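Data block below; observations after.
Note that the coordinates shown come from a computational prediction; the quantities given were computed from them, not determined experimentally.
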Amino acid sequence: MTKTKVRIRPNKAMIDKAQIYQIIDRQPIGHIGFIEDGLSYVIPMNIHRFDDILYWHSSTGNRIYNIAKQGGCSVSITFTLVHGLIASSSPANYSTNYSCAMVFGTATAVLDQEEKKELLVKLVHKYTPKAPFQAKDIVLHKENPAICKVKIEEFSGKQSLQDSTSLQENQWLLPIKKQYGEPIASHANKNKTVPSYIQDIVKQPLY
């Protein structure tokens with residue numbers, strides 16, 4: 001039995017790579033599980049996918065980064081989209097509509113400064129595609145920021161998407177919709193006008 005086999009309700013399993021990648025791309029927060037000195041940790045990070053590789057940036061004090069730059073850190077990373085709550089007249093019949101993905105790989109540190117600059121621009125463009133940033137304009141401060149990458153070696157997924165036709169008697173589906181709210185300027189901003197590349201994403205649903 002492999003670590004990616006879905007054992008409970010295998011009819012909900014997703015084995016298609018495109019479906020797994022869609023979940024990863026729609027959920028910017030991933031939870032990274034790893035072991036250090038015999039203790040298990042799970043750390044939430046903003047994670048981005050480019051092809052079959054996942055990237056995130058952090059401070060140089062990050063636990064995973066410090067293990068990764070010493071030769072690699074074995075990790076599992078989960079991503080979850082919550083689409084709705086299923087409420088019921090019976091507590092035993094509450095449920096959730098969700099899509100989730102889990103991937104496995106080895107985290108390594110990105111140490112080349114020019115590669116870091118290119119990745120930082122790509123990471124920002126995942127959030128704000130029209131942001132006017134270029135790698136040549138970025139000034140890095142020694143090792144900061146730290147960047148890790150993971151090549152996806154294995155993956156697994158699971159999904160439950162019930163609609164009104166599949167609900168039991170005395171159940172109700174409450175859909176959950178997520179999107180950005182209106183931008184709030186820093187009190188230190190001299191110019192309170194919101195840049196268009198930020199305003200543009202307010203109109204787009206997260207999922």
Side-chain angles (χ1 to χ4, degrees), residues 2-4 16-81 99-157 180 186 188-189 195 197-198 200-201 204 206-207:
T2 68
K3 58 189 174 185
T4 57
D16 181 66
K17 180 190 285 189
Q19 287 182 297
I20 298 296
Y21 283 7
Q22 185 180 54
I23 294 171
I24 293 172
D25 294 344
R26 293 174 68 190
Q27 172 54 277
I29 303 296
H31 290 80
I32 308 171
F34 65 102
I35 294 175
E36 181 185 33
D37 296 331
L39 297 175
S40 58
Y41 297 87
V42 177
I43 298 178
M45 299 291 292
N46 286 306
I47 298 177
H48 306 278
R49 180 186 67 85
F50 303 117
D51 298 321
D52 294 330
I53 301 179
L54 302 178
Y55 296 89
W56 65 87
H57 75 280
S58 67
S59 75
T60 53
N62 181 272
R63 288 178 184 272
I64 305 172
Y65 176 73
N66 282 294
I67 301 173
K69 73 176 183 178
Q70 298 301 322
C73 177
S74 180
V75 298
S76 63
I77 309 175
T78 59
F79 303 83
T80 304
L81 304 176
S99 302
C100 63
M102 177 180 288
V103 302
F104 299 88
T106 300
T108 57
V110 176
L111 300 176
D112 181 81
Q113 296 292 79
E114 294 307 311
E115 183 183 4
K116 274 186 170 184
K117 292 179 181 181
E118 294 289 345
L119 285 171
L120 285 172
V121 173
K122 291 175 73 174
L123 293 173
V124 167
H125 284 166
K126 291 287 282 189
Y127 286 114
T128 50
K130 297 180 181 179
F133 304 128
Q134 298 184 52
K136 64 182 179 65
D137 300 325
I138 297 176
V139 178
L140 298 178
H141 301 283
K142 296 184 178 180
E143 202 173 345
N144 270 315
I147 297 181
C148 287
K149 63 181 178 180
V150 174
K151 182 174 183 2
I152 297 173
E153 298 168 0
E154 295 185 75
F155 61 83
S156 178
Y180 290 111
S186 164
N189 287 4
Y197 69 87
I198 295 176
D200 281 347
I201 68 171
Q204 301 175 9
L206 293 175
Y207 61 83

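Atom CD in E114 sits 9.5 Å away from atom CD1 in I138 (nearest 0.5 Å). Between the OG1 atom in T128 and the CZ atom in F133 there is a gap of 6.0 Å [rounded to 0.5 Å]. For the atom pair CD1 (I43) and OG (S58), the distance works out to 8.5 Å, reported to the nearest 0.5 Å. Atom-to-atom distance recorded for L140:CG and I147:CD1 is 8.0 Å, nearest 0.5 angstrom. For the atom pair C148 SG and K69 NZ, the distance stands at 10.0 Å (nearest 0.5 Å). Of the inter-residue distances, the one linking H125 atom NE2 with Y197 atom OH reads 9.0 Å to the nearest 0.5 angstrom.
Annotation: side chain of L123 is in contact with side chain of Y55 (closest heavy-atom distance under 4.5 Å). Here the side chains of F155 and I24 are not in contact, with every heavy-atom distance at 4.5 Å or above. Between T108 and K149 there is a side-chain heavy-atom pair separated by less than 4.5 Å.
In plain terms, the two heavy atoms of N66 and T60 that are nearest each other are ND2-O, 2.8 Å. What you find for A131 and V124 is that their closest heavy atoms are CB-CG1, 4.1 Å. Residues P145 and H57 share a closest heavy-atom pair of CB-CD2, 4.2 Å. Taking each heavy atom of H31 and V42 in turn, the nearest pair found is CB-CG1, 3.7 Å. For the pair E118 and A135, the tightest heavy-atom approach, listed with the atom from each and the gap, is OE2-CB, 3.6 Å.
Exactly one residue among I20, T78, I77, I23 makes a side chain to side chain contact (heavy atoms under 4.5 Å, CB included) with M102. That residue is T78.
For K117 (side chain) and K136 (main-chain N/O), no donor-acceptor pair under 3.5 Å exists by modelled atom type. Between the side chain of Q27 and the backbone N or O of T80 there is at least one donor-acceptor pair closer than 3.5 Å.
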Hey, can you pull the donor-acceptor pairs under 3.5 Å for the side chains in residues 44-53, sequence neighbours left out?
residue, atom, partner, partner atom, Å
N46, OD1, Y127, OH, 2.8
R49, NE, D25, OD1, 3.0
R49, NH1, D51, O, 2.8
R49, NH2, D25, OD2, 2.6
D52, OD1, Y21, OH, 2.6

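Here A107 pairs with W56, I64, A68, C73, V75, V150 under the side-chain contact (heavy atoms from CB on, under 4.5 Å) rule; sequence neighbours left out.
Applying the salt bridge (charged side-chain N to carboxylate O under 4.0 Å, His left out) definition to pairs two or more places apart or across chains, those involving residues 36-46 are E36-R63.
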